[in-house]
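What you see below is based on every heavy atom in this structure, not just the backbone, and it leaves out hydrogens, waters and symmetry mates.
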Amino acid sequence: MKSLPNKGLLFKSDDIKIILHEGLNSGKSSEKMIESQSSFNLLFFLSQNINLEAEDCGAKFLFRKNQYILHYSSKESAAKLWTESQEFLKYLQIEMNYNYISNLINPESNKENADILECMIRNNYIFLHKQTPPSMTVEMHIILREIISYSKKGVMQKLFVEAKIIKLLLLIFDQFNEKNTLEETPRIPFTVKKFVDENYHKNIKVEDIGRLIGINQNKIRREFKVQYNITVSDYMAELRMLKARKLIINKDLMIKEIAIECGYEYVQNFTRAFKKKFGMSPEKLRNE
């Protein structure tokens with residue numbers, strides 16, 4: 001998909017283009033995008049209530065914040081993006097040509113790889129459940145933040161971007177594979193995991209989760225541990241520490257700010273958890 005020339009262009013190579021669009025939308029005008037021939041396009045919707053209309057088929061969709069789609073276009077076609085009122089319009093667009101993805105997946109190597117590429121071509125990675133687009137995971141959020149903030153250029157940026165795209169694709173394939181096995185997965189652990197993935201950065205405890213989603217906390221603890229072989233608290237701590245380690249390199253952020261961003265009310269508790277996980281304090285890791 002092509003946006004306005006160089007508008008928010010973060011990266012461009014022969015195979016990949018990454019564009020960040022952000023700005024106010026009048027509600028009357030729209031952002032027009034062109035899907036290139038034989039291209040795969042990842043669209044991450046980073047603001048609320050974004051309408052998308054594909055002009056070639058007349059289909060119209062409404063996306064919530066933090067949803068995404070992976071779309072394949074066999075020929076050049078146009079699409080429009082807009083909001084209904086004067087809202088902020090923000091989305092990240094990653095365009096990859098067919099040959100790049102085909103070489104990456106190598107469908108000739110085995111049937112599993114061939115099936116993955118076929119699913120991509122058939123646009124099976126647009127809706128997770130019926131008409132519901134998939135939501136970004138915590139890991140996806142972190143990767144997008146890294147892509148947007150990366151400052152190096154040249155071959156280092158190219159290698160960095162390609163590595164992050166591979167990781168994004170793996171996360172997408174895992175998410176849809178999880179959907180395919182959902183009927184075999186007990187409802188309570190899946191519901192709790194989804195809640196934690198979306199709210200781990202808040203100051204919440206297991207008892208809060210039980211109250212908010214209406215499930216007994218003892219049942220949550222027991223069934224989550226059986227299904228995922230980790231406690232709810234430990235899983236939440238892993239996500240928080242993953243985010244903390246990414247944020248710690250930003251020296252403009254105070255340790256207290258990072259603690260709050262990762263769901264810790266008291267900086268002492270954050271420092272204790274960080275040292276237990278990484279073997280050193282946040283300050284020491286930052287200054288290494």
J.: Counting only N and O atoms by type, is there a donor-acceptor contact under 3.5 Å from the side chain of Asn41 to the main-chain atoms of Gln93?
T.: no
J.: Any chance you could lay out the side chain to side chain donor-acceptor pair (under 3.5 Å) test for Arg272 and Gln268, step after step, and finish with the verdict?
T.: CA-CA 6 Å; Arg272 191 181 304 115; Gln268 302 97 314; over 6 Å; no
J.: Transitively linked via ILVMFWY side-chain contacts under 4.5 Å: Phe45 with Leu62?
T.: no
J.: May I ask you to decide if Glu283's main-chain N or O and Asn287's side chain share a donor-acceptor pair within less than 3.5 Å?
T.: yes
J.: Would you indicate whether Lys167, at its atom NZ, is surrounded by more than 12 heavy atoms from other residues, nucleotides or ligands within a distance under 6.0 Å?
T.: no
J.: How about Ile249 and Leu285: do any of their side-chain heavy atoms sit closer than 4.5 Å?
T.: no
J.: Run the numbers on Arg145 and Leu247 for side-chain contact (heavy atoms from CB on, under 4.5 Å), then give the verdict.
T.: CA-CA 10 Å; Arg145 185 179 298 174; Leu247 294 178; 3.2 Å; yes
J.: Between Arg211 and Asp208, does the salt bridge (Lys or Arg N to Asp or Glu O under 4.0 Å) criterion hold? Intermediate values first, please.
T.: CA-CA 5 Å; Arg211 185 178 67 256; Asp208 299 324; 3.3 Å; yes
J.: Could you walk me through whether Tyr72 and Tyr125 satisfy the side-chain contact (heavy atoms from CB on, under 4.5 Å) test, starting with their C-alpha distance in whole Å, then the side-chain angles of each, then the deciding distance to 0.1 Å, before giving a yes or no?
T.: CA-CA 9 Å; Tyr72 173 71; Tyr125 294 105; over 6 Å; no
J.: Any donor-acceptor pair under 3.5 Å linking the side chain of Gln175 with the backbone of Ser135?
T.: yes
J.: Can you confirm whether Asn124 sits close enough to Phe176 that some side-chain heavy atom of one is under 4.5 Å from a side-chain heavy atom of the other?
T.: no
J.: Classify the ring geometry between Phe61 and Phe127 as parallel (under 30°), tilted (30 to 60°) or perpendicular (over 60°).
T.: tilted
J.: Look only at the side chain of Asn199 and the backbone of Lys202, and say whether a donor-acceptor pair between them is shorter than 3.5 Å.
T.: no
J.: Does the Thr137 side chain pair with the main chain of Met140, one donor and one acceptor, at a distance under 3.5 Å?
T.: yes
J.: Do the ring planes of His21 and Tyr91 sit parallel (below 30°), tilted (30 to 60°) or perpendicular (above 60°)?
T.: parallel
J.: I need the minimum non-hydrogen distance between Arg240 and Asn203, along with the two atoms involved.
T.: NH2-CA, 4.2 Å
J.: Under a 4.5 Å cut-off applied to non-hydrogen side-chain atoms, are Leu117 and Phe40 in contact?
T.: yes
J.: Run the side-chain contact (heavy atoms from CB on, under 4.5 Å) check on Met136 and Leu144 step by step: do they pass?
T.: CA-CA 10 Å; Met136 296 165 56; Leu144 293 196; 3.3 Å; yes
J.: So, for Tyr68 and Phe44, is the gap between ring centers shorter than 6.0 Å?
T.: yes
J.: Got a donor-acceptor contact below 3.5 angstrom from the Thr271 side chain to the Val267 backbone?
T.: yes
J.: For Arg286 and Asn250, indicate whether the former's side chain and the latter's backbone hold a donor-acceptor pair under 3.5 Å.
T.: yes
J.: Pick from His201, Glu261, Glu139: which one makes a side chain to side chain donor-acceptor pair (under 3.5 Å) with Lys243?
T.: Glu261
J.: What are the two closest non-hydrogen atoms of Val138 and Asp197, and how far apart are they?
T.: CG2-O, 2.8 Å
J.: Locate the shortest heavy-atom distance separating Ile258 from Phe270; write the atom from each residue and the value.
T.: CG2-CZ, 3.8 Å
J.: Given the rule in the side-chain contact (heavy atoms from CB on, under 4.5 Å) test, do Leu70 and Met120 qualify, once you have shown the distances and angles that lead to the verdict?
T.: CA-CA 8 Å; Leu70 171 57; Met120 294 177 73; 3.9 Å; yes
J.: Is there a salt bridge (Lys or Arg N to Asp or Glu O under 4.0 Å) between Glu162 and Lys158 once you walk through the steps?
T.: CA-CA 6 Å; Glu162 291 185 353; Lys158 182 176 184 294; 2.9 Å; yes
J.: List the atom of Tyr98, the atom of Ile121, and the distance in Å for their closest heavy-atom pair.
T.: CE1-CD1, 3.9 Å
J.: Minimum heavy-atom separation for Met236 to Ile204, with atom names?
T.: SD-O, 3.7 Å
J.: Over all heavy atoms of both residues, which pair between Lys90 and Ile50 is shortest? Give the atoms and the distance, please.
T.: O-CD1, 3.6 Å
J.: Can you confirm whether more than 12 heavy atoms, excluding those of Asp234, are under 6.0 Å from its CG atom?
T.: yes
J.: Which word best sums up how the rings of Phe160 and Tyr150 line up, parallel for under 30°, tilted for 30 to 60°, or perpendicular for over 60°?
T.: parallel
J.: Is Glu118 close to Ile116 at the side-chain level, that is, under 4.5 Å between some pair of heavy atoms?
T.: no
J.: Checking the side chain of Thr132 only, and the main-chain atoms of Leu128 only, is there a donor and an acceptor separated by less than 3.5 Å?
T.: no
J.: Verify whether the ring centers belonging to Tyr200 and Tyr235 lie closer than 6.0 Å.
T.: no
J.: Is there a donor-acceptor contact under 3.5 Å from the side chain of Asn113 to the main chain of Ile105?
T.: yes
J.: Taking the side chain as C-beta and beyond, is there a heavy-atom pair between Phe224 and Val196 under 4.5 Å?
T.: no
